[in-house]
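Here the structure comes first, spelled out in structure tokens, and everything after it is commentary.
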Amino acid sequence: MKLIKWLNLLALGCTLFIGMASCDDNDNNSGELKLSTPTVTDIAVPAATVTSEVTVCQEDIDFGRIRVMTYGFCYGKAINPTIYDATVKTTPDNGKMTASLTSLESDTDYHVRAFATLYPNGVIYSDDVSFTTNAQGTISELNDYVPPTYADNYTDIADWNQRNKWNLANVHDPSVVLADDGYYYMYQTDASYGNAHAAGGHFHGRRSKDLVNWEYLGGTMKSLPAWITPKLNEIRKAMGLEEASPSEANFGYWAPCVRKVKDGLYRMYYSIVVPGHINGPESWGERAFIGLMENNNPANNDGWEDKGYVITNASDKGLDYMIKPDDWANCYFKWNAIDPSYIIDKDGKHYLIYGSWHSGIVSIEIDADTGKPATTLPNPWGTANDIAPYGKLLATRQMGNRWQGSEGAEVIYNAQTGYYYLFVAYDALDVPYNTRVCRSKDINGPYIGIDGTDLTANGGNMLPVVTHPYKFNNSDGWVGFAHC
């Protein structure tokens, strides 16, 4: 709730008129904004009230000399807390801002500062003030609580011969479906600690009755699909390139998406990344493919039948693939056929949502009966108009820069609100990986962030942040905490 309140305030942008007095020529505060040392009152665990005076010339606001994005308070147990500690946002009223600090612990010393974020000049803070919360009785249930003592990692059970103990260990980019038999079935990217999964096929499966305890089932795909290399060389031949024979051991098997389409029909869209380069090491990297498997009963983990090719990377640069592989902002491919997601919209139409890093996240309508594109796809290269059937842009992070730092999309429809919610993974795959969300009344956009940013038409920083890496004291912590 605190986050929602904060981000709603961002929509006020630079139009926060806070009822300050006007400035005359002798006013030394012209061009400045000052925040008084906070006053803390009504301390009653787990909350307290905090107040600060805001001093600023109204003319500086009116004429844009000071552009305020947000006001609020930051607080924590260390002196001089910042906006990276606990925060609460508010709007000044007649030169005073007031808020409630929450989640306070009993009998604890806290520090609090008022802050304002200014564009483009960063953050200003008030002086620090400290206060102590009142003591509170211990909840009786906590007296008998014994915390777990196991190591905060799964290295001891990570290898292949321990796979029946994995439970949620060695799971990456999971996709989950509730099946007719009452089990949740989950499938994942080929990745594991120490590459322990390599002996067991691809797109490993698990099942659970409670979403907590998972039974390992094994790989759903035993080897590289037979259609991949022929399809690759069909495209290469049409581009005037020689045949390629990439090593099967070097293909990437990424981010499947599983859905129940109807009774007795489950679909799994998967992405396979081809190793190597289009035409030597000085050219852009080779393409990826999205394929399709179907099953009438996921309890039969060997029952996934491959249905073949769905879509591949598309380029609006024609045959101009001699782009250095580190020229990220100028990628050869416009759309990247990775991270598929599948949704049946409120009108019963079927859509594939996909995209990773290159240019953004796109949608394409799917034929309900075949699971393949509803219209025939042209060659996956040409002009922007030529490749338009390969996808309609839903959200982009940077206009004019193809190295997006966004991927792993999921779209969910909420019938109560009437919105489609587009969740996207942001930033690098290692430590900073985090999840964002935006929404639209239409499956194909425009998708708007909570701060009013139109991510479809203009691009930008998607807000709010839903999940982010975190670490407790003396803990290995959780990193790479995204992919939806």
Side-chain angles (χ1 to χ4, degrees), residues 153-154 158 166-177 184-193 195 197 202-206 208 211 214 219-221 251-259 267-273 288-291 311 313 335-343 351-363 391 394-397 403-412 420-439 447 449 455 461-471 476-484:
N153 57 52
Y154 56 85
W166 280 357
N167 195 26
L168 284 172
N170 284 332
V171 174
H172 299 265
D173 305 336
S175 181
V176 181
V177 64
Y184 295 93
Y185 289 83
M186 177 168 62
Y187 307 90
Q188 67 170 81
T189 283
D190 277 22
S192 62
Y193 185 86
N195 288 321
H197 68 278
H202 311 291
F203 304 121
H204 297 242
R206 289 166 172 78
S208 171
L211 292 171
W214 293 87
T220 61
M221 179 184 288
F251 282 80
Y253 299 80
W254 291 0
C257 171
V258 61
R259 295 285 187 269
R267 283 180 176 152
M268 187 194 301
Y269 289 89
Y270 58 85
S271 55
I272 293 184
V273 181
F289 292 104
I290 292 175
I311 204 165
N313 293 26
W335 310 131
N336 195 10
I338 293 175
D339 295 350
S341 180
Y342 182 63
I343 182 172
Y351 288 89
L352 184 73
I353 315 296
Y354 72 97
S356 174
W357 287 74
H358 303 44
S359 297
I361 307 300
V362 295
S363 68
L394 300 187
T396 185
R397 188 170 181 178
W403 208 235
Q404 294 281 311
S406 63
E407 61 184 7
E410 287 280 353
V411 176
I412 295 173
Y420 293 91
Y421 292 83
L422 170 62
F423 295 83
V424 177
Y426 255 45
D427 299 328
L429 181 60
D430 47 23
V431 174
Y433 215 33
N434 64 93
T435 311
R436 313 291 183 100
V437 66
C438 54
R439 70 181 187 177
Y447 282 87
L455 285 311
N461 198 31
M462 187 184 298
L463 291 171
V465 179
V466 182
T467 66
H468 198 277
Y470 65 93
K471 180 177 180 179
D476 289 337
W478 295 77
V479 299
F481 200 58
H483 197 104
C484 311

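Given the structure is predicted, the values throughout are model-derived calculations rather than measurements.
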Name all residues meeting the ring-ring contact (aromatic ring centres under 6.0 Å, His included) criterion together with Y187; count only those two or more places apart in sequence or in a different chain, and write none if there are none.
-> W304
Name all residues meeting the ring-ring contact (aromatic ring centres under 6.0 Å, His included) criterion together with F251; count only those two or more places apart in sequence or in a different chain, and write none if there are none.
-> none
Minimum heavy-atom separation for [X] to [Y], with atom names?
X	Y	value
W357	A428	CZ2-CA, 4.3 Å
G405	R397	O-NH1, 2.8 Å
V258	Y185	CG1-O, 4.4 Å
C484	V424	SG-N, 3.7 Å
T467	A482	OG1-CA, 4.5 Å
I338	A288	CG1-CB, 3.9 Å

Going from CD1 on I361 to OG on S406, what distance comes out if it is rounded to the nearest 0.5 angstrom?
-> 5.0 Å
Taking atom types as modelled, find out whether [X] and [Y] have a side-chain donor-acceptor pair closer than 3.5 angstrom.
X	Y	result
E407	Y354	no
T396	Q404	yes
R206	N167	no
R267	Y342	yes
S192	H197	yes

Is W254 atom CH2 crowded by more than 12 heavy atoms from other residues, nucleotides or ligands, each under 6.0 Å away?
-> no
So Y154 and Y193, would you call those rings parallel, tilted or perpendicular, with 30° and 60° as cut-offs?
-> perpendicular
What class does the angle between the rings of Y270 and F203 fall in, given that below 30° is parallel, 30 to 60° is tilted and above 60° is perpendicular?
-> tilted
Flag the pair I343 / E410 as yes when at least one side-chain heavy-atom distance between them is below 4.5 Å, and no otherwise.
-> no
